[in-house]
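To start, the structure under review is shown below, and the notes come after it.
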Amino acid sequence: MIEKRKVVLVGTGFVGMSFAYALLNERGIDELVLIDVNHDKAEGEAMDLSHAVPYANGSMKVYAGDYSDCSDASIVVVTAGAAQKPGQTRLDLTAINTKIMMGICESIKESGFKGILLVASNPCDVMTYVASRVTGFDKNRVLGSGTLLDTARLKFMLGELLNVSSENIQAYVMGEHGDSSLVPWTHAYVGAKKVLDILSEKGEDASKLDKIYEDVRDAAYEIINRKKATYYGIGMSLCKLVSSILNNENAVLPVSAYQDNEYGHEGVYTGVPAVVNNEGVREIVKLQLTAEEQAKFDKSTNELKKVIEEIVDPILKEANH
Ligand code: NAD
């Protein structure tokens with residue numbers, strides 16, 4: 001349970017600082033602590049961000065710190081690690097970021113941290129697994145941003161296609177935050193009406209949805225090719241998730257959550273809709289997937305398991321985790 005509103009951010013790069021900037025407008029957060037292997041960068045960012053406080057909605061104290069600051073934090077958000085370069089997939093980052101995540105999580109655990117651990121570093125689902133294994137925290141206390149950003153992209157694109165507010169779209173990207181993700185279109189709604197029904201009433205071809213899926217899946221590549229990194233979308237996604245956790249909202253959000261057979265898989269983290277509150281993931285929302293949707297989910301989850309087995313577990317084993 002969260003008693004104090006203190007947020008620690010590990011990794012003050014593009015993603016971390018976009019999140020931090022968005023968080024400034026959240027009310028009721030007492031402290032934001034910035035940690036980075038490059039402490040000067042964390043200090044500079046803390047100074048710069050502090051100068052935005054007088055005109056922000058929130059009034060938090062922002063400072064550069066170290067892992068001892070996690071001991072009484074409500075939530076630690078990890079955005080540290082190597083980012084995709086043009087042509088790289090998220091899974092290409094596995095070996096390097098497993099080692100980085102391992103070190104960070106050892107320090108977080110050592111601090112006596114008792115709050116919620118949120119991972120955004122890529123490959124996100126795999127890094128959340130690493131965080132869970134290294135800390136040994138209860139599975140509900142460790143979660144990843146998973147397909148939260150992909151879902152924001154989906155809502156935006158569907159809103160444009162159907163000319164409705166993206167806020168009124170209920171739809172999820174599920175599975176890996178990466179190339180094997182899927183959209184269960186039978187569970188996509190505008191208000192209370194199925195997107196599939198809206199399209200068929202308009203006489204529109206459902207292939208438009210295939211194109212939207214591809215654009216969502218490939219969005220990061222398109223952005224990285226043009227500006228080398230993506231960060232505003234994930235920054236706002238993380239802010240939304242952190243405020244839902246701190247405010248004990250019981251919000252339904254797609255996150256990377258520990259699988260305990262809700263969708264036929266165990267021992268792995270992947271993107272599913274879940275009820276999120278100040279204990280982390282309260283429960284996973286079980287959608288009735290069609291056979292085709294389930295097959296895509298299985299393929300995606302099996303790819304994550306393969307990466308874990310072949311790359312991650314040997315690294316963890318060598319480090320005695
Ligand atoms: P970046 O290079 O701008 O920032 C990374 C930061 O991590 C740097 O400041 C670096 O000094 C720090 N760092 C590296 N090793 C560290 C360590 N051991 N301890 C503490 N800090 C350390 O990269 P970015 O663009 O901010 O991306 C960060 C991560 O977020 C990448 O893995 C990227 O792929 C991922 N990402 C995730 C999503 C998502 O939806 N989950 C979206 C975009 C990017």
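FYI, the numbering just counts along the sequence from 1. Start at 1 and go down the list; that is how both ligands and their atoms are numbered.
Residue contacts with ligand 1, taken as heavy atom pairs separated by less than 4.0 Å, involve Leu149 solely via side-chain atoms from C-beta onward. Contact annotation for Ser145 and ligand 1: only side-chain heavy atoms (C-beta onward) come within less than 4.0 Å of the ligand. With a 4.0 Å heavy-atom cut-off, ligand 1 is reached by the side chain of Asn97 but not by its N, CA, C or O. Contact annotation: for His177 versus ligand 1, heavy atoms closer than 4.0 Å belong to the side chain alone.
Met127 and Leu143 are members of different hydrophobic clusters when ILVMFWY side chains are connected at heavy-atom separations under 4.5 Å. The hydrophobic cluster containing Ile104 also contains Val130, counting ILVMFWY residues as joined when their side-chain heavy atoms lie under 4.5 angstrom apart, directly or transitively.
Between Tyr263 and Gln294, the closest heavy-atom pair is O-NE2, 3.1 Å.
For ligand 1, the atoms closer than 4.0 angstrom to any heavy atom of Ile234 are 38 (C), 39 (C), 40 (O), 41 (N), 42 (C), 43 (C). Distances below 4.0 Å separate heavy atoms of Ala83 from the following atoms of ligand 1: 23 (O), 25 (O), 27 (O), 31 (C), 33 (C), 34 (O).
Interatomic distance, NE2 of His177 versus CG of Leu91, reported as 10.0 Å (0.5 Å rounding). Rounded to the nearest 0.5 angstrom, Arg27 CZ and Leu246 CG are separated by 15.5 Å. Here CD of Glu43 is found 10.5 Å from OG1 of Thr12. Values are rounded to the nearest 0.5 Å. Taking NZ of Lys299 as the start and CG of Leu182 as the end, the distance is 10.5 Å to the nearest 0.5 Å.
From the protein, the heavy atom lying nearest to atom 4 (O) of ligand 1 is Gly13 CA, 3.2 Å. Of the protein's non-hydrogen atoms, Asp36 OD2, 3.6 Å is the one closest to atom 8 (C) of ligand 1. Considering only non-hydrogen protein atoms, atom 24 (P) of ligand 1 sits nearest to Val15 CG2, 3.7 Å. Shortest contact from atom 18 (N) of ligand 1 to any protein heavy atom: Ile100 CG2, 3.6 Å. The closest protein non-hydrogen atom to atom 41 (N) of ligand 1 is Ala120 O, 2.9 Å. The protein atom (non-hydrogen) at minimum distance from atom 3 (O) of ligand 1 is Phe14 N, 3.0 Å. Taking atom 21 (N) of ligand 1 as the reference point, the nearest protein heavy-atom neighbour is Val37 N, 3.2 Å.
Of all the listed residues (Leu34, Thr12, Ile104), Ile104 holds the heavy atom that lies closest to atom 19 (N) of ligand 1. For atom 2 (O) of ligand 1, the nearest non-hydrogen atom from the set Gly81, Gly146, Ala229 belongs to Gly81. When Asn122, Ile223, Thr79 are ranked by how near their heavy atoms come to atom 38 (C) of ligand 1, first place goes to Asn122.
In terms of polar-atom proximity, defined here as any N/O pair under 3.5 Å, Leu93 makes no such contact with ligand 1. Considering backbone and side-chain N/O of Thr230, none are found under 3.5 Å from N/O of ligand 1. By the 3.5 Å distance cut-off applied to N or O atoms, Ala82 is counted among the residues near ligand 1. For Ser121, no nitrogen or oxygen atom sits less than 3.5 Å from a nitrogen or oxygen atom of ligand 1, counting backbone and side chain alike.
Side-chain atoms of Tyr129 and Asp313 include a donor-acceptor pair closer than 3.5 Å. With 3.5 Å as the limit, one finds no donor-acceptor pair spanning the side chains of Thr301 and Gln259. A side-chain N or O of Arg5 and one of Asn247 form a donor-acceptor pair less than 3.5 Å apart.
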For Lys193 and Glu201: C-alpha separation, side-chain torsions, deciding distance, then whether salt bridge (charged side-chain N to carboxylate O under 4.0 Å, His left out) applies.
CA-CA 11 Å; Lys193 189 160 175 146; Glu201 279 171 22; 3.0 Å; yes
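With a 6.0 Å radius and a threshold of 12 heavy atoms from other residues, nucleotides or ligands, Phe14 has its CZ atom at or below the threshold.
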